[in-house]
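As the structure is a computational prediction, the values presented were derived from the model and not from experiment. If you read the sequence from its start, that first residue is 1, and numbering goes on from there.
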Amino acid sequence: MSFFATSELDIPKPEKGHKYAWEQHLDKFEVIKKLHFKQLKTVREISDELNIPDWIILDLFKSQKVDKLSFPELTKRKRAIHFEKLYDLHFNKGMSLKKIYRDYGFSPPYIRKVFEEHGVEHKHFIN
């Protein structure tokens, strides 16, 4: 026994000259790519900075056939960039993880993760 469901829906077609929401922001796509791929900002951060809803930014990437960075890849690249600075502060300038957090805002678990990814163990001291 087979059942078939049919329906007649009158779905309106887009009017001529209709623009999708992302098309209104197409002129900002190069800036969005720079913020994402060069400055390593998340879609949420870009959305807040440019005052464009995040779903429109995602639609822009999709419409232009550009794959955005996954969150794990984005954070891994950020940690790689921060390694040199954190290494200098901790090992060359002798700052503790807590002092680096107080002065620069990098949390101790984040710093340990950065060092771990580069095969470096942090000094265990307090200041």
Go through the steps to decide whether Thr42 and Leu74 satisfy the test side chain to side chain contact (heavy atoms under 4.5 Å, CB included), and finish with yes or no.
-> CA-CA 8 Å; Thr42 64; Leu74 191 73; 3.4 Å; yes
Begin with the C-alpha distance, continue with both residues' side-chain angles, and end with the deciding distance and a verdict on side chain to side chain contact (heavy atoms under 4.5 Å, CB included) for Leu58 and Trp22.
-> CA-CA 9 Å; Leu58 292 171; Trp22 60 264; over 6 Å; no
Are there more than 12 heavy atoms of other residues, nucleotides or ligands under 6.0 Å from atom CD of Glu84?
-> no
Nearest-0.5 Å distance that lies between atom CZ in Phe106 and atom CG in Leu86 = 5.0 Å
Can you tell me how far CG of Leu40 sits from NE2 of His82, rounded to the nearest 0.5 angstrom?
-> 8.5 Å
Tyr101 ring center within less than 6.0 Å of Tyr110 ring center = no
Just wondering, do Tyr104 and Lys99 contact through their side chains at under 4.5 Å, heavy atoms?
-> no
Exam field: side chain His90 to backbone Lys123, donor-acceptor pair closer than 3.5 Å | yes
Taken in chain and number order and not counting sequence neighbours, the residues that satisfy side-chain contact (heavy atoms from CB on, under 4.5 Å) with Arg112 are Leu97, Pro108, Pro109, His122
NZ of Lys28 to CG of Leu50: how many Å apart, nearest 0.5 Å?
-> 7.5 Å
Are any side-chain N or O atoms of Glu23 and backbone N or O atoms of Tyr20, one a donor and one an acceptor, separated by less than 3.5 Å?
-> yes
Minimal heavy-atom distance between His36 and Ile46, with the atoms involved, is CB-CD1, 3.7 Å
Could you walk me through whether Phe61 and Phe29 pass the side chain to side chain contact (heavy atoms under 4.5 Å, CB included) test, one step at a time?
-> CA-CA 8 Å; Phe61 276 108; Phe29 189 60; 4.0 Å; yes
Run the salt-bridge test on Glu73 and Lys76 with the 4.0 Å N-O cut-off and return the result as yes or no.
-> no
For residues 45-58, pull every pair meeting salt bridge (charged side-chain N to carboxylate O under 4.0 Å, His left out), keeping only residues two or more places apart or in separate chains.
-> Lys41-Glu49, Arg44-Asp54, Glu45-Lys78
For the residue pair Tyr87 and His118, is the inter-centroid distance of their aromatic rings smaller than 6.0 Å?
-> no
Could you state the interatomic distance from CZ (Phe37) to CD1 (Ile32), rounded to the nearest 0.5 Å?
-> 11.0 Å
Nearest heavy atoms of Pro72 and Thr75, plus distance in Å | O-OG1, 3.0 Å
How many angstroms lie between CD1 in Ile56 and NE2 in His25, if you round to the nearest 0.5 Å?
-> 4.0 Å
Verify the cluster assignment for Leu35 and Ile81: are they in a single hydrophobic cluster under the rule of side-chain heavy atoms below 4.5 Å apart?
-> yes
Spell out, as yes or no, whether a donor-acceptor pair under 3.5 Å connects the side chain of Ser47 to the backbone of Val43.
-> no
Does the pair Leu26 and Gln64 meet the rule for a side chain to side chain contact (heavy atoms under 4.5 Å, CB included), with working shown?
-> CA-CA 9 Å; Leu26 196 54; Gln64 301 304 300; 3.4 Å; yes
